[in-house]
Amino acid sequence: TKPRKLLQIVPRLPPYSDGVGDYSRLLAKQLLTEHGIVTEFLSFRPGTETPDTIDGFYTHRLFEQSAEYFLSLLPEDLDGVILHYSNYPYLQGKLDTPSWLVDALGILMRDRNIPLVVMFHELPTLKWKQLRILNPVQSRLSRQLARLASSVVTDSHHFKEHLEYWTASSVTCIPDFSTIGEPQPEEIRPLALRQPRLVIFGGSDRIRAYRDIHQLRETCQALGIQEICDIGAKQAIDAEALGAIKFTEMGFQPAETVRSLLLDSMAGLIDYSRFPGDLGKSSVFAAFCAHGVMPICTTYNPSEPDGIFVNQHYVLAGRHLSEWSTQRYQAIATQARNWYCQHSLEINARLFSSYFP
């Protein structure tokens, strides 16, 4: 029998940096190895460097944004489509709503009689002072896509509420998996056997982790941390304020290096205050949990609807950690990993495969 073939539509693919692209590539590999489902990619905003194939999967490049051109690119033998939607890469400007995409997907579903799954990685928001509201102009496209889709998935319980209101049906919410990979259970060592090291990594917005450098120093002192490893683009950090704690800037590193470092580090620190209630959306937090380090957040993040509780799955930065025992640190790391295993890459892929019987 012929294997099922999916089209995964993504904003960008390597060599361009894109978290949604990383997510879809790992999902494609897992769908192939575990479920025999072949992926072809469509890069919505390709560049001249976007390759013909990635990880052995064929890529289509959308150099002209129109329904006719989009439909002309697609293979005849498709069994379904996953649209990884994160709004901003799909929108050219604040008032831009490419409704042609909705039209094209509608034609595809009707003419081919195939399912469309829309994975909402983001919804368009406007921030005013402390308020964060949906962008009314750009939300129209998200609403149209949600209503058109055969199935809707998201990684945020906040988005889930809006999507269920728009579609008047239930929406699956599943937290993100680690996009730098997942270690095997036997690779996870107790914290007591790891280096007294704290890891900070991610995009350029990880600079927020250093906003309160004194709190960072106190946290490290409380835990007996002797080194902070920073992974990503170079930042202007006041390393002198860290005192005797060694500060190692590693720059960009391949996933294998980050994995090895996490597996031999005690803790990972993240500032996710820009997204209150959405820790489950963070692939950095997911990587900490997957690799068995103790996750530390700079501030409380109310993510209980996704099963994430402070002092159970992460701790708050600060000198109070000096009062905790090694066993309690280990309990946090273990519970964080157990939480992660409920929505690992394997479980995410099983969910997506179920939409294409």
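The first residue in the sequence is number 1, and the count goes up from there. Values reported hereafter were calculated over all heavy atoms of this structure, with side chains retained and with hydrogens, waters and symmetry mates removed.
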Is the closest side-chain heavy-atom distance between [X] and [Y] below 4.5 Å?
X      : Y      : value
Cys220 : Ile228 : yes
Ser178 : His291 : yes
Pro183 : Arg259 : no
Trp324 : Val315 : yes
Glu227 : Pro196 : no
Asn348 : His343 : yes
Phe288 : Tyr314 : no
Arg112 : Glu76  : yes

Give a yes or no on this: more than 12 heavy atoms of other residues, nucleotides or ligands lie within 6.0 Å of atom [atom1] of [X].
X      : atom1 : result
Phe252 : CZ    : no
His320 : NE2   : yes
Phe63  : CZ    : yes
Asp238 : CG    : yes
Arg319 : CZ    : no

Run the side-chain contact (heavy atoms from CB on, under 4.5 Å) check on Phe159 and Leu123 step by step: do they pass? CA-CA 7 Å; Phe159 301 163; Leu123 286 180; 3.8 Å; yes

Can a donor-acceptor pair be found between the side chains of [X] and [Y] at a distance below 3.5 Å?
X      : Y      : result
Thr298 : Gln215 : no
Ser66  : Glu64  : yes
Ser156 : Thr154 : no

How far apart are the closest heavy atoms of [X] and [Y], and which atoms are they?
X      : Y      : value
His84  : Ser24  : NE2-CB, 3.6 Å
Arg12  : Ser43  : CA-OG, 3.8 Å
Asn301 : Pro276 : OD1-C, 3.6 Å
Ile225 : Ile245 : O-CG1, 4.0 Å
Ser150 : Met109 : OG-CE, 3.5 Å
Pro295 : Cys289 : CG-SG, 4.1 Å

I'd like to know if Arg25 pairs up with Asp18 as an ion pair, taking the criterion as any Lys NZ or Arg NE/NH1/NH2 lying under 4.0 Å from an Asp or Glu carboxylate oxygen. no

If you measure from the Lys or Arg side-chain nitrogens to the Asp or Glu carboxylate oxygens, is any gap between Asp306 and Lys281 under 4.0 Å? no

Between atom [atom1] of [X] and atom [atom2] of [Y], what is the distance when rounded to the nearest 0.5 Å?
X      : Y      : atom1 : atom2 : value
Leu6   : Phe352 : CG    : CZ    : 10.5 Å
Glu68  : Asp103 : CD    : CG    : 9.5 Å
Thr334 : Leu191 : OG1   : CG    : 7.0 Å
Leu62  : Ile9   : CG    : CD1   : 9.0 Å
Ile174 : Lys160 : CD1   : NZ    : 11.5 Å
Glu161 : His157 : CD    : NE2   : 6.5 Å

[X] side-chain N/O to [Y] backbone N/O, donor-acceptor pair under 3.5 Å:
X      : Y      : value
Gln335 : Ala331 : yes
Gln195 : Asp264 : no
Ser282 : Leu279 : no
Arg194 : Ser265 : yes
Arg217 : Gly243 : no
Thr167 : Arg147 : no
Glu182 : Leu345 : yes
Arg4   : His35  : yes
Ser325 : Arg328 : yes

How far apart are the C-alpha atoms of Gln8 and Phe57, what are their side-chain angles, what is the distance that settles it, and do they pass the side-chain contact (heavy atoms from CB on, under 4.5 Å) test? CA-CA 11 Å; Gln8 290 200 51; Phe57 300 111; over 6 Å; no

Against Phe44, only a single residue in Phe70, Trp100, Tyr85 fulfils ring-ring contact (aromatic ring centres under 6.0 Å, His included); can you say which? Trp100

Establish, yes or no, whether a centroid distance under 6.0 Å links the rings of Phe309 and Trp339. no

Establish, yes or no, whether a centroid distance under 6.0 Å links the rings of Tyr23 and Phe177. yes

Say whether [X] and [Y] are linked into one hydrophobic cluster, either directly or through other cluster members, by side-chain heavy-atom distances under 4.5 angstrom.
X      : Y      : answer
Tyr340 : Leu351 : yes
Ile200 : Leu261 : no
Ile231 : Phe285 : yes
Ile308 : Val284 : yes
Val81  : Tyr69  : yes

Test Thr248 against Arg197 for side-chain contact (heavy atoms from CB on, under 4.5 Å), laying out the working first. CA-CA 10 Å; Thr248 305; Arg197 180 195 295 128; over 6 Å; no

Of Leu42, Leu73, Asp52, the residue whose pairing with Arg61 passes side-chain contact (heavy atoms from CB on, under 4.5 Å): Asp52

Could you go through Ser283 and Asp176, starting from their C-alpha distance and side-chain angles, then the distance that decides it, and tell me whether this counts as side-chain hydrogen bond (donor to acceptor under 3.5 Å, both in side chains)? CA-CA 6 Å; Ser283 59; Asp176 280 354; 5.9 Å; no

Given side-chain contact (heavy atoms from CB on, under 4.5 Å), test Leu145 with Leu105 step by step and report yes or no. CA-CA 9 Å; Leu145 287 169; Leu105 290 169; 3.9 Å; yes

